[in-house]
Amino acid sequence: MQKQLNIVLFGPPGAGKGTQSERVINRYSLTHISTGDLFRKHLGEGTDLGLQAQKYMDNGKLVPDEIVIGMVEDKINHTPNTNGFIFDGFPRTVHQAKVLDQILKLANASISVMILLNVPEDELKNRLRLRAKISGRTDDQDEVKIQTRITEYRNKTLPVASYYNLQDKLVTVDGVGSMDEIFGKVCTVLDPLYEMA
Ligand code: B4P
């Protein structure tokens, strides 16, 4: 099997994961797995999975691991012959990270790097307030939901960074600045890994 470049793009809500993912996919021809986008797609189509996720997302809470993991596993298993994956918003708990390692191991692959986009809380809130005006996303619409998402991140998601740090795979990138500047820093991390893959 070809060697894959598998990236976890990580950070709090509003850090720019979705924004940077689009650029990374174009440059390195990777397969995008955004759990938030997948849930919103299911929601739009009115599937059972979408309806199960909705009550958590609407309140800014994490969707339970068993729902998220099944969906990601299905997507990985239905994507043969890829250069690699960019995981955007996944894993969000240490349990999700451990299961992802197992799924990739079965495919003789592994995570190459985790990039953490570091953005202060005030800036995150400003970005989400701005996006609320155009996104139509229920979880962007009020301060309580935004705060819940940030608290969920601190309590349940941030430990995932330590998990990858223990494997020497964590790289932190300053997520404040123009989208192009940040993309430049992300490429500085990924270009050498891409050449090796
Ligand atoms: P997500 O869809 O992942 O949403 P998010 O964390 O808000 O990040 P997103 O990628 O959309 O925003 P971005 O930072 O790019 O998750 C939504 C919900 O789904 C979760 O709360 C949870 O309920 C559920 N969920 C998803 N995955 C899950 C999982 N694995 N386990 C459990 N539950 C899960 O951008 C934000 C804004 O900032 C944009 O408007 C953008 O234009 C702007 N921006 C980006 N970069 C900027 C920059 N450099 N300067 C200024 N603005 C910038």
Side-chain angles (χ1 to χ4, degrees), residues 7-25 32-44 49-76 85-100 103 114-161 163 173-186:
I7 302 160
V8 175
L9 195 56
F10 190 80
K17 301 183 293 289
T19 308
Q20 295 300 327
S21 285
E22 271 183 39
R23 293 161 188 238
V24 169
I25 294 158
H32 189 204
I33 297 191
S34 160
T35 39
D37 285 354
L38 284 171
F39 283 131
R40 283 185 287 276
K41 182 168 176 282
H42 277 277
L43 208 57
L49 190 64
L51 293 173
Q52 284 180 64
Q54 182 175 25
K55 57 180 185 283
Y56 300 98
M57 294 175 79
D58 274 354
N59 293 312
K61 305 288 282 185
L62 289 186
V63 177
D65 284 344
E66 58 274 19
I67 301 177
V68 184
I69 289 166
M71 185 179 70
V72 172
E73 190 167 17
D74 186 62
K75 176 88 182 163
I76 293 174
F85 294 96
I86 177 158
F87 296 97
D88 163 6
F90 180 87
R92 258 179 159 100
T93 64
V94 172
H95 180 64
Q96 290 179 16
K98 287 181 177 168
V99 176
L100 177 61
I103 296 170
M114 168 195 261
I115 296 184
L116 192 168
L117 295 172
N118 195 21
V119 178
E121 199 167 307
D122 282 354
E123 170 73 10
L124 297 173
K125 288 180 175 167
N126 283 339
R127 289 181 188 182
L128 294 174
R129 278 182 206 123
L130 272 179
R131 189 172 66 183
K133 293 180 188 158
I134 47 164
S135 73
R137 275 176 55 169
T138 48
D139 57 347
D140 282 344
Q141 298 303 326
D142 76 62
E143 295 292 322
V144 176
K145 289 175 186 178
I146 290 175
Q147 190 58 55
T148 304
R149 286 158 69 195
I150 292 174
T151 305
E152 287 275 273
Y153 171 78
R154 268 203 230 108
N155 293 342
K156 297 180 186 165
T157 304
L158 204 47
V160 177
Y163 176 82
V173 166
D174 183 0
V176 181
S178 75
M179 294 173 192
D180 286 345
E181 279 166 358
I182 297 162
F183 183 56
K185 292 181 211 164
V186 169

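Each ligand, and each atom within it, is numbered from 1 in the order the structure gives. If you read the sequence from its start, that first residue is 1, and numbering goes on from there. Note that the structure is predicted; figures quoted are calculated from it, not measured.
The ring-ring contact (aromatic ring centres under 6.0 Å, His included) check on Tyr153 picks up Phe10, with sequence neighbours excluded.
The backbone N or O of Arg92 sits nowhere less than 3.5 Å from a side-chain atom of Lys156 that would complete a donor-acceptor pair.
Pairs of residues two or more places apart, or lying in two chains, that qualify as salt bridge (charged side-chain N to carboxylate O under 4.0 Å, His left out) and include a residue from residues 125-134 are Glu121-Lys125, Glu123-Arg127, Arg129-Glu143, Arg131-Asp140. Residue pairs meeting the salt bridge (charged side-chain N to carboxylate O under 4.0 Å, His left out) criterion with at least one member in residues 50-76, sequence neighbours excluded, are Lys61-Glu152.
Listed by chain and number, residues touching ligand 1 at under 4.0 Å (heavy atoms only) are Pro13, Gly14, Ala15, Gly16, Lys17, Gly18, Thr19, Thr35, Gly36, Arg40, Met57, Lys61, Leu62, Val63, Val68, Gly89, Phe90, Arg92, Gln96, Arg127, Arg131, Arg137, Asp139, Arg149, Gly177, Met179, Ile182.
Residues Phe85 and Ile7 are not in side-chain contact: their nearest non-hydrogen atoms beyond the backbone lie 4.5 Å or more apart.
The shortest non-hydrogen separation linking Asp139 to Ile146 is O-CG1, 4.0 Å.
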